[in-house]
Every structure is written in C-alpha cells, then in structure tokens.
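Below is one structure, written out as structure tokens; the observations come after it.
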Number of protein chains: 2
Amino acid sequence: MQKYQKLFNLLNIWAQELTHKMTTENILKRRPPTERPAPNVEKRPARQRPLHEAAVDRLRDMIIEGDLAVGERLHEFNLAEALNVSRTPVREAVKLLATEGLVELLPGRGARVAALSAKTISELLEVIGGIERHACELAAERMTSRELARLQRMHERMALHHQAGNLHEYFKLNNEIHVAIVAAAKNAILEATHASLILKARRGRHAALASQARWTEAMAEHDLLMKAFAERDGRKAGEIMFQHDLRTGEVVRQMLKASEGH
Amino acid sequence: MQKYQKLFNLLNIWAQELTHKMTTENILKRRPPTERPAPNVEKRPARQRPLHEAAVDRLRDMIIEGDLAVGERLHEFNLAEALNVSRTPVREAVKLLATEGLVELLPGRGARVAALSAKTISELLEVIGGIERHACELAAERMTSRELARLQRMHERMALHHQAGNLHEYFKLNNEIHVAIVAAAKNAILEATHASLILKARRGRHAALASQARWTEAMAEHDLLMKAFAERDGRKAGEIMFQHDLRTGEVVRQMLKASEGH
DNA sequence: ACTGTAATTTCTGCATGCAAAAATATCAGA
DNA sequence: TCTGATATTTTTGCATGCAGAAATTACAGT
C-alpha cells in the first residue's frame, strides 16, 4: 500500500549519502578496458522487448479480463510493483491505454478504468459493423482465390466447433474470420482501425458468450456471408456482415444493460 | 547537440554534493506551518495543462506542418530543449504519436517521423470515405432539423468562400462540415475514430490545397450532398460522400506520387 | 455527533541519474 | 587508402528523486 514512501525515500538518501563518493569516483575513473569484456559476458539482461510495451499488454489484459474493476483507480506505484518495473513504463502504458479508451485520465489524479456502458458497446459494434461492411465490399473485389479458399476452410472448421458445442474454439475462429476478411480488403489503415476497435469490444465479448440462441443465429448468418463471398457479391456480403454485427451488438447491449441494472 | 552531457551531469553531481546535506536537513526539519503560507503566495506555477499533452500537440503540429522532415530522427534531448520540458513528457508524447502513426518507433533507437506515402494517404482516404459514408447514413436518420439547418448555413458560407476564391477559409469550413456530419451520426466512437483518421490525413492536406480543378468539382459534390440530406436520403448522401472522398484521395495521391518521384 | 480547518500522508507529474546499447570517431595493420 | 578492431561519445530506456496537489486523517469548536 506504499505506506511511508517518503520515509522510505529518506532512508535511501542516507544510504546513498554513504556510498555517494564512491559512486562518483567510479564514474571518474572509468573501468580500464582490459577488464571490461570478462564481466560483461556473464551478464544477461536478456531484454529485447521494451518494458513499456509489455506493461501495456499486461495492463490491457488485466482490464479486459476484469482483473481491474471498472472505475478502479490505477496506482502507479502498486502497478509498478505488480509488474515488477518502475513507475516510468507504467506511466507510459497508462497513457497509451487512455488513447485506446480503456482507461480514463483524471488530470492531476492519475487514471481509472473506463466504464464500458451498454451504450458504448452498442456504438462500438455499430462502428465495427460499418468497417466490416466496407471490408466485405473491398475484400470481395480484392481477395485472391487462395484467400477465399482459406476463409471457406476456416468457416467449415467453425461450423464443426458449433456442432460440437465447443463455444470457446468457435469464438476464436469467429474472430479470426472477421480479422481475415478485413485483411483481405488489402488496406493497412482499415486493418489497424478495425483491430483497435475489436480490442475494445473484447471487453464486452464475454457477455455475448452466454447467449446460446444468438450462437445458432450467428452461425446461419456466417453461412450466408460465405455464400455471398463465393459469388463475389461484396454489396450483399457487406449488408449481411453489417446486420450480423448490429445484432451481436444488440445482444451484448441487453446483457450489459441487465447486469448494469442489477 | 548535447555534447558532453555526461560531463554536464557530473558537474551537477558535484554541485548537488555540496548542497546535499542542507537539502536532507530541509526534508527532515519540515518548514514550520507559520511561514508556509507566505512564500507560497508569490509562487505561480500556473500550470493547469499537463506538459505531456502540450508536448503531443506541439510535436504533432511540427510533424504535420513539416517542421520535422519525414524520416528525421526524434532526439529526446533536443526536443525536450526545444519544448522547454524534460525528456519524460517528450518520451510520453512520442509514444502517443506512435500509436497515431505519425512516428515510427525504432526499438532501442528512439523514433523517427513516419513516412507518408502516396499509398498510405490513399488508404487513409478510403477508410475515411467508408466512415463518412456510414456517418451520412446515420446522420440522415438521426440529425435534428436544427443540425440540418446549421449544416446548410455552413455549406452556404463555404460556397461564398469558394466564389471569393478564399481557399484557406473554404478548406476550414469544408473540414468543419465533414466533422459536423459525423457528429450528427450521434455515435461517439464513430466520431473519435473519424477524428483520429482526419488528423493523420491532415499531413497530406496541403497537397490537395494546390488543385484548383478539384476545388470546383468538390464544391459541386458538396451541393449534391446537401440536396441528399435535405431529402433525408442517407443512402444517397453516403454514396456521394464516399465518392467525394475517393476522388480527393486520388488527387492527393497523385500529387504525393509526383513529389515522391522528384 | 457534525462541520470546517489544519496536519499528515499518499500520489502524481515532471526532472534527472545512470547503465547499457547504438552511433561515431580513432587508429593500427593490410 | 581501405578495413576492421577498439575506444569514445551520444542516446536511449528505465529507475528514482522531489515538489506540490490531492486525499486522508486528526481535531477543535459548535
């Protein structure tokens, strides 16, 4: 709980005071070159990935998985301890998550986990729907036959998981299919925009996992979607996708609404 | 050029060494409450806006306005000096600009201004087109008559600027109209997504400023757009907007292509 | 008990220290 | 003069210091 942090710092100052002169001398009299190679060999910092990046990912997961409750304050010190880094990378990570909309910056008071209201998830899926509709239209024109075939195979595997009642695998493939369609549109900006929105929507995704009725319905919509792609009818595919997303949004919205009411 | 930074630091250490004990004592013997109010009165930190935020905006402008050339390395120390802050807020700002796509992070080597290729601007405007088409459809349904009237007035003012040959004011209003239409769609996520894309596209905007032929054409398209809105025909408005954006994209792309070739 | 105020503690925001990586300069040997 | 090794400088990435703001607690006066 970071009690007496100031006192802790003070003790550190005393400790440093004692060793300060030595440290300064170390800087002045640089280590002779002869002894440099040896000690460096055993040292294995082994860090290729920047800490702030790891921090972003860890924190994002913590928020999406609900480890950090909505509205909870993000304490730099505590998070830094939890992630075993200093406050600096944590601060950078929090700023990034703020641009993603996962956390809310309180000027002068840090940040807290942003609320994910039923309204927000609804808006999110409306936008995702628009983007995926656009992606379908472009993909129908631009996708190679290889890509189309791959999509078909993914779809079939998803159908198998549906029949087997394997909800988790079904959802995973479902997500991959959506991503693959956007990728087939061959527009990097579209892909990146979509990815960032999908990420935010993931927070509400677990809510959708609960609806069995919607599951079967969604499967049927995906069937129609693949038919439209087979005919290379982008307009039709887009419309199906759009409605598919809007319906998903409505289901998630109602579930969140119900849990909000409670 | 940050020559001899290390030496500079070293001198600082010596200076601190001299005052260190005093500082420590100041911390121990906290200032008595009686003399606290007085010295604080004259102090005017006068900073309500976080430095890192100001840094983001300044840097973004510098990149968009071309003060920082494409591919140029971003040196924390230099930028910090230029903006009169320390490296910390600069680092935070650079990270944010990286998520916006304006700069490119080079792991272990800082960052550089990201290239804005003809392809990228083309993709950007394709996505913006898709989003604005969607916005038109939603706006036609959701916008109030007040909003529609306001849009009409903006359009008329823009037409005046067009006739007067006032390019700068024309573009400003043009931008405001696009933003207003997206706002009328009543979807905060859509609005935010659009805003962030527009921001990136601003980098290529000055290129479009040059084309007089496109200017007149674009004005005609806006006329059609307003007619469609008057009829509350979202589908039609959306299509017009989409084509409008694609054409703008094509013009900017060709201009950038030409300047790339040089 | 309740409210407002002062004292205390915690926390944020920024500055700066420092080790190690990267870039650059130096120079010996071909 | 070029090449490659080595020394030097610069730069980054992270850790940590510290002032002041915010939050909390303690407490006096009602």
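Chain letters run A, B, ... following the sequence lines, proteins first, then strands; residues in each count from 1.
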Return no unless some side-chain N or O of A/Thr88 is found under 4.0 Å from OP1 or OP2 of D/dC14. no
Does the side chain of A/His75 get closer than 4.0 angstrom to OP1 or OP2 of C/dT10 through an N or O atom? no
Under 4.0 Å between a Lys/Arg side-chain N and an Asp/Glu carboxylate O for B/Arg87 and B/Glu81? no
Options D/dT12, C/dC14, D/dA15, nucleotide nearest the side-chain atoms of A/Arg91: C/dC14
Between A/Lys200 and A/Leu124 (side chain of the first, backbone of the second, donor and acceptor by atom type, cut-off under 3.5 Å), is there such a pair? no
Are OP1 or OP2 of D/dT12 and a side-chain N or O of B/Arg87 less than 4.0 angstrom apart? no
Can you check side chain to side chain contact (heavy atoms under 4.5 Å, CB included) on B/Glu126 and A/Leu138, steps first, answer last? CA-CA 10 Å; B/Glu126 186 169 84; A/Leu138 297 175; 3.2 Å; yes
Which distance, rounded to the nearest 0.5 Å, do you find between the CG of A/Leu59 and the CG of A/Leu68? 7.0 Å
Which whole-number value in Å describes the distance from B/Leu79 CG to D/dT12 P? 9 Å
Separation of B/Glu81 atom CD from C/dT16 atom P, in whole Å? 12 Å
Looking at every strand, decide which applies to B/Leu74 at a 4.0 Å heavy-atom threshold: base, sugar-phosphate, or nothing. sugar-phosphate
Is B/Arg58 salt-bridged to B/Asp61, going by a charged N under 4.0 Å from an acidic O? no
To the nearest angstrom, the CZ-P distance between B/Arg112 and D/dT11 comes to 17 Å
Grab the N/O contacts between the protein and nucleotides 22-24 of chain C below 3.5 Å, and write none if there aren't any.
none

Using whole Å, report how far CD of B/Glu92 lies from C1' of C/dC14. 9 Å
Please report the distance, rounded to the nearest Å, between CD in A/Glu76 and P in C/dC11. 10 Å
Could you tell me how far apart B/Leu83 (CG) and C/dG13 (C1') are, to the nearest whole angstrom? 16 Å
Partners meeting side chain to side chain contact (heavy atoms under 4.5 Å, CB included) with B/Thr88 (sequence neighbours left out): B/Ser86, B/Glu92
Over how many whole Å does the gap from A/Asn78 atom CG to C/dC11 atom C1' extend? 10 Å
Could you check whether B/Glu250 pairs with B/Arg253 (Lys NZ or Arg NE/NH1/NH2 to Asp/Glu carboxylate O, under 4.0 Å)? yes
When the distance from NE2 of A/His52 to C1' of D/dC14 is rounded to whole Å, what number comes out? 11 Å
